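Bear in mind that the values here come from a model prediction, so they are computed numbers and not experimental data.
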Amino acid sequence: MSGELLLSVDFEDWHQLVRRRVGASNWREPGPALERQTETMLALFDELGARCTFFILGMAARAHPKLVARVVESGHEIACHGDAHLPVFTQSPDEFAADVRSACATIEELTGRRPIGYRAPAFSITRGTPWAHEVLAEQGFGYDASEHDSPILRDRQGAGERGARRLPNMRLWELPVAAARWRSVSLPLGGASYWALTPTPLILGGLRHVPPDGGLYLHPHELDPEPLRPLLNRGEGAKTRAKAWLRTVQRNAARRRSVDVLREIAARHPLITYGEAHARLSSVAASVPTRSNSTTCTRTNDRSYGCCARGCSVAGSSPSTRWRRWISPACSTSAAVRGGSASSYSRPERRDMSGSISPSR
Ligand SMILES: [Zn+2]
């Protein structure tokens, strides 16, 4: 078995989103397919013996409260995907904070749990939104999973950075989507929408070389056993219908491959939740003794363990040698860890898969 990967679903209603995107008037209506998609996902994850992190979209949760309950009953982790699925870079800090608060209120009302994990719609925390992580930290989140080193994402944060890490000067961890690098070229491997275009041997080979704790993400519609149809109202115009048709063709292509590729990945990598990885990384960081000035990260000037984009947090998280490939030579913290605490790492017992914290926190 190769290294662990973090399994996630962005839990959203494809019909709601595609109707809104093409300007259809009935976009708020709950779509007809999320129930069968959810049951398919839950059955597949049971078959694979994997627990998953569900990043719940607030507006989808309000339209499908019983499905959120099904996910919780099945033992998966509940996290937050925002409320209205608007790109973070189109919002002000106050608007973003309100969107996250609204989603958390919905999730907490439906599940009794407050999520500690967040993923931005379309990975839209960018270099232009440096305040977003502070908003998440202020609202009590423990980790963000919005970093995706994909060439098609504009102004992406963390482009060229590597692996899971604690963000400088805050308790928030960043747990990025799995991506391999060849020289300066990034190969995104963690998203099912990319699996539609990437040969399976390349996906499997590349995942052996991603930094530890790489994230995988799927959408419910990518696991739909039936073809997707946007089901617009009869009065919609030709332009709206054409846009919806194009989007449907794209999504059906991804849908056809996702299950088989995930089975192949699960045969080679243990799949765990983001909450489990976050608990392990936090535990390792907390167990590291106070360090001297000589262990300050020379790249970020941050003495907090896990500060370095390449090495610090990752170094302490794995006993294997594979992480060494990803250590930045500029980081003296990594050099210190290399000789010490990495070898003392032991994986904690599995804990509550919900990854939730008490509402009062
Ligand atoms: Zn989304």
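Classification of the His221-His219 ring pair by plane angle, with boundaries at 30° and 60°, yields parallel. Ring planes of Trp173 and His278: perpendicular class, angle over 60° (limits at 30 and 60°).
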### Query
When you look at Ser25 and Arg19, which way does the side-chain hydrogen bond (donor to acceptor under 3.5 Å, both in side chains) test go after all the steps?
CA-CA 8 Å; Ser25 56; Arg19 286 168 179 162; over 6 Å; no
### Task
Go through the steps for Glu77 and Arg51 under the test side chain to side chain contact (heavy atoms under 4.5 Å, CB included), then give the verdict.
CA-CA 8 Å; Glu77 179 189 4; Arg51 298 299 94 182; over 6 Å; no
#### Entry: Check against ring-ring contact (aromatic ring centres under 6.0 Å, His included), Phe96 and Tyr118
CA-CA 12 Å; Phe96 175 60; Tyr118 175 82; 5.7 Å; yes
### Task
Give the C-alpha distance, both sets of side-chain angles, the deciding distance and a yes or no for ring-ring contact (aromatic ring centres under 6.0 Å, His included) between Tyr217 and His148.
CA-CA 11 Å; Tyr217 71 95; His148 190 190; 5.5 Å; yes
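Using a 4.5 Å heavy-atom cutoff, the side chains of Met41 and Thr38 are in contact. At a threshold of 4.5 Å between non-hydrogen side-chain atoms, the residues Pro176 and Asp149 do not count as touching. Using a 4.5 Å heavy-atom cutoff, the side chains of Ser150 and Tyr194 are in contact. Looking at Arg181 and Leu187, their side chains never come closer than 4.5 Å, going by heavy atoms from C-beta outward. Looking at His85 and Gln16, their side chains never come closer than 4.5 Å, going by heavy atoms from C-beta outward.
A salt bridge is defined here as a Lys NZ or Arg NE, NH1 or NH2 lying under 4.0 Å from an Asp or Glu carboxylate O, and Arg36 with Asp224 meets this definition. Between Arg280 and Glu4, at least one side-chain N (NZ, or NE/NH1/NH2) sits under 4.0 Å from a carboxylate O, which counts as a salt bridge. A salt bridge is defined here as a Lys NZ or Arg NE, NH1 or NH2 lying under 4.0 Å from an Asp or Glu carboxylate O, and Glu264 with Arg268 meets this definition. Ion pairing between a basic and an acidic side chain is recognised when a charged N comes within 4.0 Å of a carboxylate O; Glu108 and Arg114 show such pairing.
In this structure, the separation between CG on Leu271 and CG on Leu7 is 5.5 Å, given to the nearest 0.5 Å. Rounding to the nearest 0.5 angstrom, the gap separating the OG1 atom in Thr200 from the CG atom in Asp260 is 8.0 Å. For the atom pair His64 NE2 and Ile56 CD1, the distance stands at 11.0 Å (nearest 0.5 Å). With values rounded to the nearest 0.5 angstrom, Leu167 atom CG is found 5.5 Å from Glu174 atom CD.
Counting only N and O atoms by type, the side chains of Ser146 and Asp144 include a donor and acceptor under 3.5 Å apart.
Checked options Phe11, Tyr274, Phe123; the residue passing with Phe55 is Tyr274 (criterion: ring pair (Phe, Tyr, Trp, His ring centres under 6.0 Å)).
The number of heavy-atom neighbours closer than 6.0 Å to CD of Glu29, taken from other residues, nucleotides and ligands shown, is above 12.
For residues 56-76, the salt bridge (Lys or Arg N to Asp or Glu O under 4.0 Å) pairs, not counting sequence neighbours, are Glu39-Arg70, Arg62-Asp83.
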